[in-house]
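Start at 1 and go down the list; that is how both ligands and their atoms are numbered.
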Amino acid sequence: MHYDYIFAGSGGAGLSLVYLMSKHPVLKHKKILLLDKAVKNENDRTWCFWTKNPTAFDEIIHQQWDKVWFRSPAFTECLTLSPYQYKMIRGLDLYEFVQKEIQQNPHITQRYGTVQEVRDGENGAHVCFEGEIITANLVFNSIPDEQLFSKKGHHYLKQHFKGWFVRTEKPIFDPKVATFMDFRIEQKGEARFFYLLPTSPYESLVEFTIFSKNLLEKDAYIDEIKHYFKNYLPDTAYQIIEEEFGVIPMSDAPLSSRGGRFVLNIGTRGGQTKASSGFTFLNMLKQNEKIIEALVQEKDLSKIEFQKARFKQYDAMLLNLIQYDRLAAREVFGRMFKHHPVERVLRFLDEETHFAEELQIMASMPPLPFIHSLLHKTFLKD
Ligand SMILES: Cc1cc2nc3c(=O)[nH]c(=O)nc-3n(C[C@H](O)[C@H](O)[C@H](O)COP(=O)(O)OP(=O)(O)OC[C@H]3O[C@@H](n4cnc5c(N)ncnc54)[C@H](O)[C@@H]3O)c2cc1C
(Lines give C-alpha, C1' and ligand atoms only; values in the text may rest on other atoms or scores of the structure.)
Protein backbone atom coordinates (compact mmCIF):
# COMPACT_ATOMS: atom_id res chain seq x y z
CA MET A 1 0.00 0.00 0.00
CA HIS A 2 1.35 3.48 -0.87
CA TYR A 3 0.40 6.73 0.85
CA ASP A 4 1.08 10.42 0.33
CA TYR A 5 2.10 10.78 3.98
CA ILE A 6 2.74 8.33 6.80
CA PHE A 7 2.97 9.45 10.40
CA ALA A 8 5.31 7.13 12.31
CA GLY A 9 4.08 7.95 15.82
CA SER A 10 0.90 9.95 16.22
CA GLY A 11 1.11 11.70 19.56
CA GLY A 12 1.22 15.44 20.16
CA ALA A 13 3.23 16.41 17.08
CA GLY A 14 1.63 13.94 14.66
CA LEU A 15 -1.97 14.58 15.65
CA SER A 16 -1.65 18.35 15.75
CA LEU A 17 -0.09 18.33 12.26
CA VAL A 18 -2.60 15.92 10.72
CA TYR A 19 -5.41 18.08 12.09
CA LEU A 20 -4.08 21.08 10.15
CA MET A 21 -3.68 18.96 7.02
CA SER A 22 -7.22 17.67 7.27
CA LYS A 23 -8.53 21.24 7.61
CA HIS A 24 -6.49 22.56 4.69
CA PRO A 25 -8.25 22.81 1.31
CA VAL A 26 -5.10 21.73 -0.58
CA LEU A 27 -4.02 18.92 1.75
CA LYS A 28 -7.27 17.43 3.00
CA HIS A 29 -7.50 14.93 0.11
CA LYS A 30 -4.03 13.51 0.69
CA LYS A 31 -3.91 9.82 1.46
CA ILE A 32 -2.56 9.62 5.00
CA LEU A 33 -1.69 6.74 7.33
CA LEU A 34 -1.31 7.31 11.07
CA LEU A 35 0.67 4.71 13.00
CA ASP A 36 1.02 4.48 16.74
CA LYS A 37 1.62 1.75 19.27
CA ALA A 38 -1.00 3.15 21.65
CA VAL A 39 -4.64 4.17 21.38
CA LYS A 40 -4.67 7.68 22.83
CA ASN A 41 -7.64 7.43 25.15
CA GLU A 42 -6.11 8.62 28.42
CA ASN A 43 -5.26 12.02 29.77
CA ASP A 44 -1.57 11.15 29.84
CA ARG A 45 -0.26 14.74 29.80
CA THR A 46 -1.22 18.37 30.21
CA TRP A 47 0.24 20.90 27.84
CA CYS A 48 0.93 24.42 29.07
CA PHE A 49 2.42 27.15 26.93
CA TRP A 50 2.34 30.92 26.57
CA THR A 51 1.24 32.69 23.44
CA LYS A 52 -0.19 36.00 22.28
CA ASN A 53 -1.59 34.53 19.07
CA PRO A 54 -4.60 32.34 18.36
CA THR A 55 -3.88 28.63 17.82
CA ALA A 56 -5.74 25.91 15.92
CA PHE A 57 -6.67 24.43 19.30
CA ASP A 58 -8.20 27.44 21.06
CA GLU A 59 -11.55 25.62 21.25
CA ILE A 60 -10.10 23.11 23.69
CA ILE A 61 -8.13 25.47 25.93
CA HIS A 62 -8.98 24.15 29.38
CA GLN A 63 -7.74 27.16 31.35
CA GLN A 64 -5.74 30.31 30.74
CA TRP A 65 -4.03 32.82 32.98
CA ASP A 66 -3.08 36.47 32.47
CA LYS A 67 -0.81 36.46 35.51
CA VAL A 68 1.71 34.05 36.96
CA TRP A 69 3.73 33.95 40.15
CA PHE A 70 7.48 33.55 40.00
CA ARG A 71 8.85 32.66 43.42
CA SER A 72 12.39 32.14 44.61
CA PRO A 73 14.23 33.10 47.80
CA ALA A 74 15.83 36.10 46.06
CA PHE A 75 12.92 37.31 43.96
CA THR A 76 9.16 36.88 44.12
CA GLU A 77 6.65 38.66 41.95
CA CYS A 78 3.24 38.23 40.41
CA LEU A 79 4.00 38.83 36.73
CA THR A 80 1.48 40.27 34.31
CA LEU A 81 1.94 38.41 31.05
CA SER A 82 0.15 40.78 28.68
CA PRO A 83 0.19 40.58 25.66
CA TYR A 84 0.78 36.89 26.37
CA GLN A 85 -1.42 34.40 28.17
CA TYR A 86 -0.37 31.15 29.77
CA LYS A 87 -2.67 28.36 28.52
CA MET A 88 -3.46 24.77 29.33
CA ILE A 89 -4.67 22.01 27.02
CA ARG A 90 -5.42 18.55 28.42
CA GLY A 91 -3.84 15.74 26.41
CA LEU A 92 -7.09 13.77 26.16
CA ASP A 93 -8.99 16.82 24.92
CA LEU A 94 -6.53 17.23 22.05
CA TYR A 95 -6.57 13.52 21.19
CA GLU A 96 -10.40 13.48 21.09
CA PHE A 97 -10.63 16.78 19.22
CA VAL A 98 -8.32 15.48 16.46
CA GLN A 99 -10.03 12.06 16.39
CA LYS A 100 -13.33 13.79 15.65
CA GLU A 101 -11.75 15.46 12.61
CA ILE A 102 -10.02 12.25 11.46
CA GLN A 103 -13.24 10.22 11.64
CA GLN A 104 -14.80 12.62 9.14
CA ASN A 105 -11.95 12.37 6.66
CA PRO A 106 -12.13 9.22 4.50
CA HIS A 107 -8.56 9.76 3.25
CA ILE A 108 -7.01 9.19 6.68
CA THR A 109 -6.40 5.68 8.03
CA GLN A 110 -5.18 4.78 11.52
CA ARG A 111 -3.44 1.59 12.58
CA TYR A 112 -2.09 0.52 15.95
CA GLY A 113 1.09 -1.49 16.47
CA THR A 114 4.85 -1.08 16.55
CA VAL A 115 6.87 0.77 13.96
CA GLN A 116 10.14 -1.14 13.70
CA GLU A 117 11.94 1.06 11.18
CA VAL A 118 11.67 4.19 9.11
CA ARG A 119 13.95 4.21 6.07
CA ASP A 120 14.62 6.75 3.35
CA GLY A 121 14.37 5.41 -0.22
CA GLU A 122 15.05 6.51 -3.79
CA ASN A 123 11.64 8.03 -4.51
CA GLY A 124 9.99 7.98 -1.13
CA ALA A 125 10.30 6.45 2.33
CA HIS A 126 9.56 2.99 3.78
CA VAL A 127 8.09 2.17 7.15
CA CYS A 128 8.36 -1.29 8.63
CA PHE A 129 5.18 -1.68 10.70
CA GLU A 130 4.50 -4.97 12.48
CA GLY A 131 6.74 -6.68 9.90
CA GLU A 132 4.93 -5.13 6.92
CA ILE A 133 6.65 -2.64 4.59
CA ILE A 134 4.49 0.39 3.79
CA THR A 135 5.65 3.20 1.51
CA ALA A 136 4.89 6.90 1.24
CA ASN A 137 6.02 10.01 -0.59
CA LEU A 138 6.87 11.49 2.79
CA VAL A 139 7.12 10.11 6.33
CA PHE A 140 6.72 12.29 9.45
CA ASN A 141 8.66 10.56 12.18
CA SER A 142 8.04 11.42 15.85
CA ILE A 143 9.08 8.12 17.43
CA PRO A 144 11.24 8.94 20.45
CA ASP A 145 14.82 7.64 20.46
CA GLU A 146 16.88 8.35 23.57
CA GLN A 147 20.16 7.74 21.74
CA LEU A 148 19.58 10.93 19.75
CA PHE A 149 19.79 12.98 22.95
CA SER A 150 22.76 11.36 24.67
CA LYS A 151 25.55 12.13 22.22
CA LYS A 152 29.17 12.37 23.33
CA GLY A 153 30.32 15.95 23.79
CA HIS A 154 26.80 17.24 24.47
CA HIS A 155 24.77 17.93 27.58
CA TYR A 156 21.81 15.74 28.38
CA LEU A 157 19.58 16.43 31.34
CA LYS A 158 16.10 15.17 31.99
CA GLN A 159 13.15 17.24 33.04
CA HIS A 160 11.18 14.83 35.19
CA PHE A 161 8.03 15.67 37.03
CA LYS A 162 5.16 14.27 39.00
CA GLY A 163 1.87 16.14 39.10
CA TRP A 164 -1.27 15.68 41.15
CA PHE A 165 -4.60 17.18 40.10
CA VAL A 166 -6.10 17.85 43.50
CA ARG A 167 -9.47 18.93 44.82
CA THR A 168 -9.22 20.70 48.15
CA GLU A 169 -11.79 21.04 50.89
CA LYS A 170 -11.21 24.79 51.24
CA PRO A 171 -11.00 27.37 48.41
CA ILE A 172 -7.23 27.94 48.53
CA PHE A 173 -6.41 28.57 44.84
CA ASP A 174 -6.83 31.65 42.70
CA PRO A 175 -7.84 30.35 39.25
CA LYS A 176 -6.82 33.66 37.68
CA VAL A 177 -3.15 33.29 38.65
CA ALA A 178 -0.89 30.30 37.95
CA THR A 179 2.47 29.69 39.56
CA PHE A 180 4.95 29.45 36.74
CA MET A 181 7.92 28.44 38.88
CA ASP A 182 8.12 28.18 42.65
CA PHE A 183 11.78 27.70 43.46
CA ARG A 184 11.46 28.12 47.23
CA ILE A 185 12.03 24.41 47.83
CA GLU A 186 15.41 22.84 48.61
CA GLN A 187 17.43 22.58 45.39
CA LYS A 188 19.78 19.72 46.37
CA GLY A 189 22.33 20.83 43.74
CA GLU A 190 19.71 20.54 40.96
CA ALA A 191 16.96 22.72 39.52
CA ARG A 192 13.81 21.91 41.55
CA PHE A 193 10.55 23.78 41.47
CA PHE A 194 6.76 23.54 41.56
CA TYR A 195 4.11 24.54 39.05
CA LEU A 196 0.65 25.37 40.36
CA LEU A 197 -1.97 25.39 37.64
CA PRO A 198 -5.32 26.16 39.29
CA THR A 199 -8.56 25.68 37.39
CA SER A 200 -10.93 26.68 40.23
CA PRO A 201 -10.62 27.86 43.84
CA TYR A 202 -10.75 24.17 44.82
CA GLU A 203 -8.78 22.52 42.01
CA SER A 204 -5.24 22.68 40.73
CA LEU A 205 -2.48 20.69 39.11
CA VAL A 206 0.38 20.72 41.61
CA GLU A 207 3.53 19.58 39.88
CA PHE A 208 6.99 18.88 41.27
CA THR A 209 9.63 19.32 38.56
CA ILE A 210 13.36 18.64 38.44
CA PHE A 211 16.08 19.26 35.84
CA SER A 212 18.80 16.70 36.52
CA LYS A 213 20.72 13.76 35.09
CA ASN A 214 18.89 11.01 36.95
CA LEU A 215 15.32 10.23 37.93
CA LEU A 216 14.33 9.89 41.59
CA GLU A 217 12.78 6.88 43.32
CA LYS A 218 8.98 6.92 42.88
CA ASP A 219 8.29 7.80 46.52
CA ALA A 220 10.65 10.78 46.50
CA TYR A 221 8.34 12.73 44.15
CA ILE A 222 5.35 11.99 46.37
CA ASP A 223 7.21 12.97 49.54
CA GLU A 224 8.17 16.28 47.95
CA ILE A 225 4.57 17.07 46.92
CA LYS A 226 3.30 16.24 50.41
CA HIS A 227 6.03 18.42 51.86
CA TYR A 228 4.99 21.29 49.58
CA PHE A 229 1.39 21.01 50.75
CA LYS A 230 2.51 21.05 54.36
CA ASN A 231 4.73 24.12 53.91
CA TYR A 232 2.95 26.21 51.30
CA LEU A 233 -0.66 25.01 51.01
CA PRO A 234 -1.47 24.12 54.61
CA ASP A 235 -4.76 23.90 56.48
CA THR A 236 -6.79 22.04 53.92
CA ALA A 237 -7.60 18.43 53.21
CA TYR A 238 -7.24 17.40 49.57
CA GLN A 239 -8.16 14.56 47.28
CA ILE A 240 -6.06 13.40 44.29
CA ILE A 241 -8.26 13.38 41.18
CA GLU A 242 -5.64 12.49 38.55
CA GLU A 243 -1.87 12.03 38.40
CA GLU A 244 0.72 12.59 35.72
CA PHE A 245 4.37 11.66 35.44
CA GLY A 246 6.65 12.67 32.62
CA VAL A 247 10.23 12.84 31.47
CA ILE A 248 11.24 15.39 28.84
CA PRO A 249 14.74 15.32 27.32
CA MET A 250 16.80 18.49 27.68
CA SER A 251 19.70 18.05 25.31
CA ASP A 252 21.88 20.21 23.11
CA ALA A 253 22.73 17.27 20.81
CA PRO A 254 22.03 18.34 17.24
CA LEU A 255 18.54 17.09 16.41
CA SER A 256 17.65 17.55 12.81
CA SER A 257 14.18 17.78 11.43
CA ARG A 258 15.66 16.19 8.33
CA GLY A 259 15.52 12.42 8.73
CA GLY A 260 16.27 11.82 5.06
CA ARG A 261 15.16 13.13 1.66
CA PHE A 262 11.67 11.80 2.30
CA VAL A 263 11.62 11.64 6.09
CA LEU A 264 10.89 14.63 8.28
CA ASN A 265 11.42 14.37 12.04
CA ILE A 266 8.79 16.21 14.03
CA GLY A 267 8.00 16.94 17.67
CA THR A 268 10.60 16.13 20.30
CA ARG A 269 12.46 13.86 17.86
CA GLY A 270 12.64 16.77 15.41
CA GLY A 271 14.28 19.11 17.94
CA GLN A 272 11.14 20.98 18.99
CA THR A 273 11.82 20.55 22.72
CA LYS A 274 13.57 23.67 23.97
CA ALA A 275 16.73 22.29 25.53
CA SER A 276 16.87 24.75 28.40
CA SER A 277 13.22 24.61 29.47
CA GLY A 278 11.59 21.47 28.04
CA PHE A 279 8.75 23.52 26.53
CA THR A 280 7.72 21.86 23.27
CA PHE A 281 4.06 22.36 22.56
CA LEU A 282 4.13 25.81 20.98
CA ASN A 283 7.27 24.95 19.01
CA MET A 284 5.39 21.97 17.56
CA LEU A 285 2.55 24.24 16.50
CA LYS A 286 5.03 26.64 14.90
CA GLN A 287 6.77 23.74 13.15
CA ASN A 288 3.38 22.53 11.88
CA GLU A 289 2.63 25.90 10.30
CA LYS A 290 5.95 25.93 8.47
CA ILE A 291 5.45 22.37 7.25
CA ILE A 292 1.94 23.11 5.97
CA GLU A 293 3.18 26.21 4.15
CA ALA A 294 6.07 24.28 2.57
CA LEU A 295 3.81 21.40 1.47
CA VAL A 296 1.21 23.71 -0.03
CA GLN A 297 3.80 25.79 -1.85
CA GLU A 298 5.78 22.66 -2.77
CA LYS A 299 8.91 24.09 -1.16
CA ASP A 300 11.89 22.01 -0.12
CA LEU A 301 11.11 20.88 3.45
CA SER A 302 14.78 20.39 4.27
CA LYS A 303 15.36 24.13 3.87
CA ILE A 304 12.97 25.15 6.65
CA GLU A 305 14.83 26.68 9.56
CA PHE A 306 13.41 25.59 12.93
CA GLN A 307 15.97 26.96 15.41
CA LYS A 308 18.45 29.80 15.05
CA ALA A 309 22.04 28.72 15.74
CA ARG A 310 22.73 31.29 18.44
CA PHE A 311 19.79 30.09 20.55
CA LYS A 312 21.26 26.59 20.46
CA GLN A 313 24.38 28.12 22.01
CA TYR A 314 22.39 29.86 24.76
CA ASP A 315 20.57 26.61 25.54
CA ALA A 316 23.84 24.68 25.68
CA MET A 317 25.30 27.28 28.03
CA LEU A 318 22.32 27.10 30.37
CA LEU A 319 22.44 23.30 30.39
CA ASN A 320 26.13 23.51 31.26
CA LEU A 321 25.42 25.92 34.14
CA ILE A 322 22.74 23.63 35.55
CA GLN A 323 24.47 20.30 34.91
CA TYR A 324 27.66 21.40 36.67
CA ASP A 325 25.82 23.47 39.30
CA ARG A 326 27.79 26.62 38.42
CA LEU A 327 24.76 28.83 38.83
CA ALA A 328 21.39 27.77 40.19
CA ALA A 329 18.56 27.74 37.68
CA ARG A 330 16.47 29.77 40.15
CA GLU A 331 19.13 32.46 40.03
CA VAL A 332 19.13 32.51 36.20
CA PHE A 333 15.33 32.65 35.85
CA GLY A 334 15.02 34.97 38.84
CA ARG A 335 17.44 37.49 37.36
CA MET A 336 15.71 37.32 33.99
CA PHE A 337 12.30 38.12 35.46
CA LYS A 338 13.66 40.66 37.93
CA HIS A 339 15.67 42.74 35.47
CA HIS A 340 13.63 42.52 32.28
CA PRO A 341 10.05 43.07 31.17
CA VAL A 342 8.18 39.74 31.13
CA GLU A 343 7.40 40.24 27.48
CA ARG A 344 11.12 40.34 26.64
CA VAL A 345 11.87 37.23 28.69
CA LEU A 346 9.09 35.28 26.99
CA ARG A 347 10.25 36.42 23.56
CA PHE A 348 13.78 35.34 24.51
CA LEU A 349 12.55 31.91 25.58
CA ASP A 350 10.57 31.80 22.31
CA GLU A 351 13.79 32.62 20.41
CA GLU A 352 12.27 35.78 18.96
CA THR A 353 14.51 38.45 20.50
CA HIS A 354 17.11 40.56 18.69
CA PHE A 355 20.78 40.09 19.44
CA ALA A 356 20.95 43.41 21.34
CA GLU A 357 18.19 42.25 23.70
CA GLU A 358 20.00 38.95 24.23
CA LEU A 359 23.12 40.87 25.23
CA GLN A 360 21.04 42.82 27.74
CA ILE A 361 19.76 39.56 29.22
CA MET A 362 23.30 38.14 29.41
CA ALA A 363 24.46 41.34 31.10
CA SER A 364 22.01 40.76 33.94
CA MET A 365 23.74 37.47 34.86
CA PRO A 366 26.87 37.12 37.01
CA PRO A 367 29.73 36.89 34.45
CA LEU A 368 32.05 34.30 36.05
CA PRO A 369 29.82 31.21 35.89
CA PHE A 370 29.00 32.09 32.27
CA ILE A 371 32.66 32.44 31.29
CA HIS A 372 33.44 29.18 33.06
CA SER A 373 30.56 27.47 31.32
CA LEU A 374 31.50 28.90 27.92
CA LEU A 375 35.09 27.65 28.26
CA HIS A 376 33.98 24.25 29.47
CA LYS A 377 31.36 23.94 26.74
CA THR A 378 33.89 24.85 24.06
CA PHE A 379 36.27 22.12 25.21
CA LEU A 380 33.66 19.63 26.44
CA LYS A 381 34.92 16.12 25.89
CA ASP A 382 32.66 13.88 28.00
C1 LIG B 1 3.56 14.20 30.92
C2 LIG B 1 4.10 15.23 29.97
C3 LIG B 1 3.72 16.57 30.11
C4 LIG B 1 4.22 17.55 29.23
N5 LIG B 1 3.83 18.84 29.41
C6 LIG B 1 4.29 19.79 28.56
C7 LIG B 1 3.87 21.13 28.70
O8 LIG B 1 3.15 21.49 29.63
N9 LIG B 1 4.31 22.06 27.79
C10 LIG B 1 5.11 21.70 26.75
O11 LIG B 1 5.46 22.58 25.93
N12 LIG B 1 5.56 20.43 26.62
C13 LIG B 1 5.17 19.47 27.48
N14 LIG B 1 5.59 18.17 27.33
C15 LIG B 1 6.60 17.89 26.29
C16 LIG B 1 6.01 17.66 24.89
O17 LIG B 1 5.11 18.69 24.54
C18 LIG B 1 5.28 16.34 24.77
O19 LIG B 1 6.15 15.29 25.09
C20 LIG B 1 4.70 16.11 23.37
O21 LIG B 1 3.74 15.09 23.49
C22 LIG B 1 5.75 15.74 22.33
O23 LIG B 1 5.11 15.35 21.14
P24 LIG B 1 5.73 14.20 20.26
O25 LIG B 1 4.76 13.90 19.20
O26 LIG B 1 7.12 14.53 19.91
O27 LIG B 1 5.82 12.94 21.27
P28 LIG B 1 4.60 12.09 21.80
O29 LIG B 1 3.41 12.92 22.03
O30 LIG B 1 5.14 11.32 22.95
O31 LIG B 1 4.28 11.11 20.57
C32 LIG B 1 5.13 10.07 20.19
C33 LIG B 1 4.23 8.90 19.82
O34 LIG B 1 5.03 7.82 19.32
C35 LIG B 1 4.42 6.62 19.73
N36 LIG B 1 5.43 5.57 19.63
C37 LIG B 1 6.59 5.45 20.34
N38 LIG B 1 7.29 4.40 19.91
C39 LIG B 1 6.56 3.83 18.91
C40 LIG B 1 6.78 2.73 18.05
N41 LIG B 1 7.91 2.00 18.09
N42 LIG B 1 5.82 2.42 17.15
C43 LIG B 1 4.68 3.15 17.07
N44 LIG B 1 4.45 4.24 17.82
C45 LIG B 1 5.38 4.57 18.74
C46 LIG B 1 3.94 6.90 21.15
O47 LIG B 1 2.91 6.01 21.54
C48 LIG B 1 3.46 8.33 21.01
O49 LIG B 1 2.07 8.43 20.75
C50 LIG B 1 5.11 17.17 28.19
C51 LIG B 1 5.51 15.83 28.09
C52 LIG B 1 5.01 14.89 28.94
C53 LIG B 1 5.48 13.46 28.80
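Each of the atoms 1 (C) of ligand 1 lies under 4.0 Å from some heavy atom of Phe245. Counting atoms of ligand 1 from 1 in the listed order, those under 4.0 Å from a heavy atom of Phe281 are 10 (C), 11 (O), 12 (N), 17 (O). Near Asp44, meaning under 4.0 Å from one of its heavy atoms, ligand 1 places the atoms 1 (C). Against a heavy-atom cut-off of under 4.0 Å, Thr268 is close to the following atoms of ligand 1: 22 (C), 26 (O). The distance from ligand 1 to the heavy atoms of Gly267 drops below 4.0 Å at these ligand atoms: 26 (O).
On a distance-only criterion, Thr114 and ligand 1 share no N/O pair closer than 3.5 Å. Ligand 1 has an N or O atom lying under 3.5 Å from an N or O atom of Cys48, backbone or side chain. Taking distance alone, with nitrogen or oxygen atoms compared against 3.5 Å, Glu244 stays at or beyond that limit from ligand 1. Between Gly246 and ligand 1, a contact under 3.5 Å exists for no N or O pair. At least one N or O atom of Arg45 sits closer than 3.5 Å to an N or O atom of ligand 1.
Residue, atom and distance of the protein heavy atom nearest to atom 42 (N) of ligand 1 are Val115 N, 2.9 Å. In terms of protein heavy-atom proximity, atom 43 (C) of ligand 1 is closest to Lys37 N, 3.3 Å. What sits closest to atom 33 (C) of ligand 1 on the protein, heavy atoms only, is Asp36 OD2, 3.5 Å. Given atom 29 (O) of ligand 1, the protein heavy atom at minimum distance is Gly12 N, 2.9 Å. Of the protein's non-hydrogen atoms, the one nearest atom 37 (C) of ligand 1 is Pro144 CD, 3.5 Å. Protein heavy atom closest to atom 23 (O) of ligand 1, with residue, atom name and distance, is Met284 SD, 3.4 Å. Atom 52 (C) of ligand 1 has Phe161 CZ, 3.9 Å as its closest protein atom, hydrogens excluded (heavy atom only).
Aromatic pair Phe193/Phe183: ring centres closer than 6.0 Å. If you look at Phe7 and Tyr5, their ring centroids are not closer than 6.0 Å.
His107 pairs by the ring-ring contact (aromatic ring centres under 6.0 Å, His included) definition with His29, not counting sequence neighbours. With sequence neighbours excluded, no residue forms a side-chain contact (heavy atoms from CB on, under 4.5 Å) with Asp325.
With atom 51 (C) of ligand 1 as the reference point, the heavy atom nearest to it among Leu205, Ile248, Asn265, Leu285 is part of Ile248. By heavy-atom distance, the residue among Ala38, Gly9, Gly11, Ala8 lying nearest atom 34 (O) of ligand 1 is Gly9. With distances taken over non-hydrogen atoms, the option nearest atom 16 (C) of ligand 1 out of Thr280, Leu282, Ile266 is Thr280. Comparing Asn43, Ile143, Asp145 by heavy-atom distance to atom 40 (C) of ligand 1, the nearest is Ile143. Considering each of Asn283, Thr46, Val118, the one bringing a non-hydrogen atom nearest atom 4 (C) of ligand 1 is Thr46. Of all the listed residues (Gly270, Gly163, Ala13), Ala13 holds the heavy atom that lies closest to atom 24 (P) of ligand 1. Within the set Ser16, Gly278, Ser142, the minimum heavy-atom distance to atom 32 (C) of ligand 1 is found for Ser142.
For atom 26 (O) of ligand 1, the nearest protein heavy atom is under 4.0 Å away.
In summary, of the residues considered (Arg335, His339, His340, Lys338), a side chain to side chain donor-acceptor pair (under 3.5 Å) with Ser364 occurs for His340 alone.
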### Query
Can you list the steps and then say if Tyr228 with Phe194 is a ring-ring contact (aromatic ring centres under 6.0 Å, His included)?
CA-CA 9 Å; Tyr228 188 83; Phe194 270 80; 4.0 Å; yes
### Query
Do Lys151 and Tyr156 pass the side chain to side chain contact (heavy atoms under 4.5 Å, CB included) test, and can you show the C-alpha distance, the side-chain angles, and the key distance before you say yes or no?
CA-CA 8 Å; Lys151 291 242 169 79; Tyr156 176 33; over 6 Å; no
### Query
When you look at Thr209 and Gln159, which way does the side chain to side chain donor-acceptor pair (under 3.5 Å) test go after all the steps?
CA-CA 7 Å; Thr209 305; Gln159 176 174 156; 5.1 Å; no
### Task
Would you sort out whether Asn265 and Arg258 count as a side chain to side chain donor-acceptor pair (under 3.5 Å), showing the intermediate values?
CA-CA 6 Å; Asn265 294 326; Arg258 193 185 164 104; over 6 Å; no
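A side-chain donor-acceptor contact under 3.5 Å links Thr51 to the backbone of Asn53. Remark: side-chain polar atoms of Asp66 are not paired, donor with acceptor, to backbone N or O of Gln85 under 3.5 angstrom. With hydrogens and angles disregarded, no donor-acceptor distance shorter than 3.5 Å links the side chain of Glu224 to the backbone of Tyr221.
The closest side-chain donor-acceptor pair between Tyr86 and Gln64, if any, does not fall under 3.5 angstrom. No side-chain donor from either of Ser251 and His155 sits under 3.5 Å from a side-chain acceptor of the other. In this structure, a donor-acceptor pair under 3.5 Å is absent between the side chains of Gln272 and Thr280.
For Thr273, the heavy-atom gap to ligand 1 stays at 4.0 angstrom or more. Taking 4.0 Å as the cut-off, Lys40 counts as a neighbour of ligand 1 on heavy-atom distance. Within the 4.0 Å heavy-atom shell around ligand 1 one finds Gly113. In this structure, Trp47 counts as a contact residue of ligand 1, since one of its heavy atoms falls inside 4.0 Å of the ligand.
Cation-pi geometry between Arg184 and Tyr232 is satisfied (NZ or CZ under 6.0 Å from the ring centre, within 45° of the ring normal).
Cluster membership check: Phe129 does not share its hydrophobic cluster with Leu34, using side-chain heavy-atom separations under 4.5 Å among Ile, Leu, Val, Met, Phe, Trp and Tyr.
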